[in-house]
Visitor: 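Got a structure here, written out as structure tokens. Questions coming.
Every chain is numbered from 1 and lettered A, B, ... according to where its sequence line falls, protein lines coming before strand lines. Bear in mind that the values here come from a model prediction, so they are computed numbers and not experimental data. Side chains included, hydrogens not; waters and symmetry mates left out as well; all remaining heavy atoms used.
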There are 2 protein chains.
Amino acid sequence: MTSIDDVARASGVSTATVSRALRGLPNVSPATRETVLATAEQLGYVVSSSASGLATGRTLAMGVVVPNVSRWFYATVLEGIDAALRRVGYDTILFNLGLKGEDRERVFHRSILRKRTDAVIALCLDFTPAEREQLASLGHPTIVVGGPVPGLRHLGVDELAVARAATAHLIALGHRQIGHLAGIPEPGLNKRVPQRRRRGYELALSSAGLSARPEWIEPSDFQISGAREAALRLLRREPRPTALFAASDEMAIGAILAARELGLDVPRELSVIGIDNHALAETFGLTTIAQDAFGQGRLAAELMLEELAGAPPRVGQLHVPATLIERATTAPPASRAQVE
Amino acid sequence: MTSIDDVARASGVSTATVSRALRGLPNVSPATRETVLATAEQLGYVVSSSASGLATGRTLAMGVVVPNVSRWFYATVLEGIDAALRRVGYDTILFNLGLKGEDRERVFHRSILRKRTDAVIALCLDFTPAEREQLASLGHPTIVVGGPVPGLRHLGVDELAVARAATAHLIALGHRQIGHLAGIPEPGLNKRVPQRRRRGYELALSSAGLSARPEWIEPSDFQISGAREAALRLLRREPRPTALFAASDEMAIGAILAARELGLDVPRELSVIGIDNHALAETFGLTTIAQDAFGQGRLAAELMLEELAGAPPRVGQLHVPATLIERATTAPPASRAQVE
DNA sequence: TTGAAAGCGTTACCAT
DNA sequence: ATGGTAACGCTTTCAA
């Protein structure tokens, strides 16, 4: 492996000059810089991140803690983070808690704490007090994307408002019988997200003088398959709601599949709205409240980079916008038309 | 930040002993080890990966090059890799080429080559000669998962055989008019995968004395939405095939959606088979040739770890098994029943 | 079993 | 503009 010494020797200057030239620092004559760059290139020299990390205290790497990379939201946020980091030459170190989440302790204890990163971005997790403390003790910038966490900075949509808006859309269309495919608080994941989405649904209903029937609220995981089954259960009960607010687009798609299986026409007999604007939302013609997952990831990364560059941390709740996208799965309730 | 010196001082031994004790090396008295472990824990000491990396030449990190993390296959392989690495305390450094792939050069030149990793696993990419050379010049173990690449070690299913098996299944059911939703060679991605799957289809047909009608082969990207449109085009033409072999499960799902929109009953009027055993395959009752993406990732990681541990590289084509899973989207052609 | 000390490859300060 | 040279925190001989 060629080191900086080799380059120095080959170009007839000191290692200090090579280092300066390579990093584009001032106080290097154009001629020298050119020579150094050329020989470095020719020798195939690459800086050792260990050595420069040791010398500078900077790793040029960002830790990203994710529950898994298989879900749309996580994968998309990760893409956003990574895109922002790539632009400035930062690397992404992935701390995947794994589908089962039993490697959690190991991840926190061994990896993150190995001082390998300059900052940490965590996705939608529910930290234990011990974990929070460990993060804090690293003494570097941290932010959570996707769900509010007490004691840690956080960035994401206003879950409550988003859920209210989705439900309100159904109400505005004339629906009075509105069900909810609720999310289940999953172990290790932020429980506030499903809770707030459900609360927003309830608030929207009560604001409109309606009430939520318990049998029209069916919880499931955030996956298509689980939601499909939940929707099947819910829709088989009589009386049946005329509209469904799903806690996520994947759940909404599950509901659409269930409705088809039951021979229910969407949106004539059942309106469905979700949250996310998932990659498949358009394919299914799904009406949804779009949240920019990619943008959230990018923003999180940019905030961390800013802080690393010395900027004072921006404080307070960072709420990103979410907008209603009307497509083909919501319409006024058929009962109305039939009655008229 | 507490360093090894702090621990040494606090426990009244030398840094050498602390280092040995912490890493579980022999020649440390039980008493000393206990003291060291306790003080390290109490001081919240964590080794600096930069420093130990510099000293040992090992980074304890694996580079994983992925086209993106949004597609099922990539995400799942990544989960498998990461699970294997986590077990042994290795970190995953993600080199995401990005959805557009224009950061490719930057990734290769700057990041990968920063000597940050002990080995590299690449997913299903099509390397340029320059990139291949760069990888080789790193001088560390490398493997490609998912598509054969000349000159690099590779691990994955036998694409040709898998495609033949899928098509043969349709033929065995009695189908004679079989179409193919083919994959499009995407820029930067391994072109051999879609090519071989198509070739396997053609070979299976000709082995059975059938021929592939060009108008029954419709290419699209590997996504649900794109395949849905392709299937729509294909199925609207007359005469229509009685069965469809899709180059991936996502494409097969697109075909199912298209069939439903056209009022075609699956499998009565149209059989559909895919490849992958995607997370949604079961939900859609999709018949498919299952490939263990998670296991492939894990295996790749294990191979790399083996080599890093000094084992000689296993050579030759590494083909992992794939098995037919019959579900509800394939059946004998209706024409037969009607004719009889 | 333990300790002293020489690296590991860079960076950054201080001279020049 | 350039060079010499301490760090940086850890590992690993080699002695004791």
Visitor: Considering residues at least two apart in sequence or located in another chain, which fulfil the salt bridge (Lys or Arg N to Asp or Glu O under 4.0 Å) criterion with B:E302?
Guide: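 Here no residue qualifies.
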Visitor: So how far is it from A:R298 CZ to A:L305 CG, rounded to the nearest 0.5 Å?
Guide: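 Interatomic distance, A:R298 CZ to A:L305 CG, rounded to 0.5 Å: 13.0 Å.
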Visitor: Would you sort out whether A:F127 and A:V144 count as a side-chain contact (heavy atoms from CB on, under 4.5 Å), showing the intermediate values?
Guide: CA-CA 10 Å; A:F127 297 102; A:V144 175; 3.8 Å; yes
Visitor: Is it true that a side-chain atom of B:E131 and a backbone atom of B:T128 form a donor plus acceptor pair closer than 3.5 Å?
Guide: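 Checking the backbone N and O of B:T128 against the side chain of B:E131, a donor-acceptor pair under 3.5 Å is found.
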Visitor: List the residues meeting side-chain contact (heavy atoms from CB on, under 4.5 Å) with A:D6, not counting sequence neighbours, and say none if there are none.
Guide: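 So A:D6 forms a side-chain contact (heavy atoms from CB on, under 4.5 Å) with A:T2, A:S3, A:R9, A:L43.
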Visitor: Heavy atoms of chain B, cut-off under 4.0 Å: which first and last nucleotide of DNA chain C, 5' to 3', fall inside that, if you could look?
Guide: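 In short, chain B contacts DNA chain C from C:dT1 to C:dG9.
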Visitor: Excluding sequence neighbours, so at least two apart, what forms side-chain hydrogen bond (donor to acceptor under 3.5 Å, both in side chains) with A:R23?
Guide: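 Here the qualifying residues are A:S19.
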Visitor: Mark yes or no for whether B:T117, through its side chain, and B:V120, through its backbone, hold a donor-acceptor pair below 3.5 Å.
Guide: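 Not at all, since once roles are kept as given, no pair shorter than 3.5 Å links the two residues.
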Visitor: Just how far is it from atom CG of A:L97 to atom CZ of A:R104, taken to the nearest 0.5 Å?
Guide: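 Going from the CG atom of A:L97 to the CZ atom of A:R104 covers 5.5 Å.
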Visitor: Return yes if a side-chain donor-acceptor contact under 3.5 Å exists between B:T17 and B:S14, otherwise no.
Guide: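 Note: B:T17 and B:S14 side chains meet the donor-acceptor criterion.
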Visitor: Starting at the 5' end of nucleotides 1-10 of chain D, put B wherever the base has a protein heavy atom under 4.0 Å, S where only the sugar-phosphate does, and a dash everywhere else.
Guide: SBBBB--BBB
Visitor: Kindly calculate the angle separating the two end axes of the helix from C:dT1-D:dA16 to C:dT16-D:dA1, each obtained from five base pairs, and round it to 10 degrees.
Guide: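 Its terminal axes enclose an angle near 30°.
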Visitor: Just by distance, do the side chain of B:N190 and the backbone of B:P148 share a donor-acceptor pair under 3.5 Å?
Guide: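 Checking the backbone N and O of B:P148 against the side chain of B:N190, a donor-acceptor pair under 3.5 Å is found.
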